[in-house]
Protein chains: 2
Amino acid sequence: MADINFSNPTRDPDVRGTDRPAAPRSGDLRWDIIELLFFAYRDFVGDADNELEAFGFGRAHHRVLHFVHRYPGLKVADLLDVLRITKQSLGRVLKQLLDEGYIVQRTGNNDRRQRLLFATPKGETLVAKLAGLQTDRITHALRDINPAGIDTVRQFLRAMIDQDDPDKVLEVILKPAGATAKA
Amino acid sequence: MADINFSNPTRDPDVRGTDRPAAPRSGDLRWDIIELLFFAYRDFVGDADNELEAFGFGRAHHRVLHFVHRYPGLKVADLLDVLRITKQSLGRVLKQLLDEGYIVQRTGNNDRRQRLLFATPKGETLVAKLAGLQTDRITHALRDINPAGIDTVRQFLRAMIDQDDPDKVLEVILKPAGATAKA
DNA sequence: AAATTTATGTCAGCCATATTGACGTATCTT
DNA sequence: AAGATACGTCAATATGGCTGACATAAATTT
């Protein structure tokens, strides 16, 4: 098992005596940005992950709490669209957040089948704490970037998102700033 | 359980007759960029996830294959640093990739305990396919951004990464372009 | 009014991916 | 020879996904 059949010793001229990873290869692919996105996101969510441990929560709880906080009165169905998970998966984390008092439900005004979700003050506190950590990182990352550059970053991130997503939350997000859900 | 004790009906003036998610709240936190990062990354990795299904692989396989491809001769220990997972988790994924011929190991030249990892042609093909999908998305997102703006985006992403990470791969990545691992 | 659809919740079971801790072996370093 | 290192593996466990089935209440359609 531990033996290696490396029958083509000519294809990796990068490995000489040093046994260190070779320099990245180039090409017509955006390897650099692919990797930057990986590391940036890894460390970005890492901030919150560390904090969440203390509460016995995971990343899923954070996502739910975040969107409920940001879009008060969000329906369960909306949350499913946004998070792209199944009802069952959402159910577990949502139940915890409800039981532990981070979120409350209220029956819809028009449609009494709906359970509209709201963050409690306890939930607000936690989500603000987590967003604070992430904001610190973002603010630091934007420190040497001027306002126009910040717009460019936003533009890039917006354009990375599927535009054909029939998602209420995304409608709001993808609209140019200022056009916030005014009916 | 389904009953709701919402004892403070005055705290959500956003919910009127419409029962639609309210507009996002503002404040001193970078909610906009936090959300953009979430959606951008969700859709970015979604491209590869869809393709990986056909191979019976998951995101973890992609990550391993990606970094082995990019840094030929990567050691197992390096991979653990980069992916921030445990040896056991990596073990399973790596074993599959080895068994199915996407990656090969070779004993280190200097240190024969090491198992240096290389992508096979089969592995190269798959990783290039996945990177192609992601590159398409990135290229599209950068379409209307000029070269200076693209540098700004890179600068932002780089600055989002933990700078104090004693990681060989990151050393390479975080160095200003051009200074690629030249000893 | 009855039938259908919708929004939500829940149960049972499965899978992928992560965890910690322990141990074994080969190899390098001292 | 002793200890540290690189790697592999085993056992047990947790989280967070999944599918499919089913139940209920409420809205909508017929």
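Treat the numbers as computed from the prediction; the structure is a model and nothing was measured. Chain A is the first sequence line, chain B the second, and so forth, proteins listed ahead of strands; every chain is numbered from 1.
Taking atom CD of B/Gln105 as the reference point, atom P of D/dC7 lies 9 Å away to the nearest angstrom. Between A/Ile103 atom CD1 and C/dT8 atom P there is a gap of 14 Å when expressed in whole angstrom units. A/Leu80 places its CG atom 16 Å from the P atom of D/dG16, with the value rounded to the nearest Å. Computed from coordinates, the B/Leu117 CG to D/dA6 P distance equals 14 Å when rounded to whole Å. Rounded to whole angstrom, the span from the NZ atom of B/Lys95 across to the C1' atom of D/dC10 amounts to 13 Å. Between the CG atom of B/Asp99 and the P atom of D/dG8 there is a distance of 12 Å, rounded to whole Å. Remark: P of D/dT15 and CG of A/Leu52 are 13 Å apart, rounded to the nearest angstrom. Spacing between atom CG of A/Leu90 and atom P of D/dT19 amounts to 14 Å, rounded to whole angstrom units.
A/Arg137 is linked by a side chain to side chain donor-acceptor pair (under 3.5 Å) to A/Asp47, B/Asp162, counting only residues two or more places apart in sequence or in another chain. Annotation: side chain to side chain donor-acceptor pair (under 3.5 Å) contacts of A/Gln155 (sequence neighbours excluded): none. In terms of the side chain to side chain contact (heavy atoms under 4.5 Å, CB included) criterion, residue partners of B/Val45 (sequence neighbours excluded) are, by chain and number, B/Tyr41, B/Asp49, B/Arg59. The side chain to side chain donor-acceptor pair (under 3.5 Å) check on A/Ser89 picks up A/Thr86, with sequence neighbours excluded. Every side chain to side chain contact (heavy atoms under 4.5 Å, CB included) that B/Leu90 has, sequence neighbours left out, goes to B/Val64, B/Val76, B/Leu79, B/Leu80, B/Leu83, B/Ile85, B/Leu94.
Taking the six-membered ring where tryptophan is involved, the planes of B/His69 and A/Trp31 are tilted, since the angle between them lies from 30° to 60°.
Judged by atom type and distance alone, B/Gln88 reaches the base of C/dG21 through a side-chain donor-acceptor pair under 3.5 Å.
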Donor-acceptor list for residues 138-147 of chain B side chains, cut-off 3.5 Å, not counting sequence neighbours:
residue	atom	partner	partner atom	Å
B/Thr139	OG1	B/Thr135	O	2.8
B/Asn146	OD1	B/Ala148	N	3.2
B/Asn146	OD1	B/Gly149	N	2.7

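Contact annotation: A/Gln114 side-chain N/O to D/dA27 OP1/OP2 distance is not under 4.0 Å. Applying the 4.0 Å criterion to OP1 and OP2 of D/dG17, one finds that A/Thr86 has every side-chain N and O outside that range.
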Heavy atoms under 4.0 Å is the rule here; annotate nucleotides 24-30 of chain C 5' to 3' with B where the base is hit, S where only the sugar-phosphate is, and - elsewhere. --BBS--
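The stretch residues 54-64 of chain B touches DNA chain C through B/Gly58, B/Arg59, B/Ala60, B/His61, each having a heavy atom under 4.0 angstrom from the strand.
Mapping B/Val76 and A/Arg92 onto DNA chain D by nearest heavy atom places B/Val76 closer to the 5' end of the strand.
A donor and an acceptor atom, one from each side chain of A/Glu35 and B/His66, are located under 3.5 Å apart.
Each salt bridge (charged side-chain N to carboxylate O under 4.0 Å, His left out) pair with one or both residues in residues 85-97 of chain B, not counting sequence neighbours, appears once here: B/Lys95-B/Asp99.
The side chain of A/Ile85 has D/dC18 as its nearest neighbour among D/dC18, C/dA7, C/dT19.
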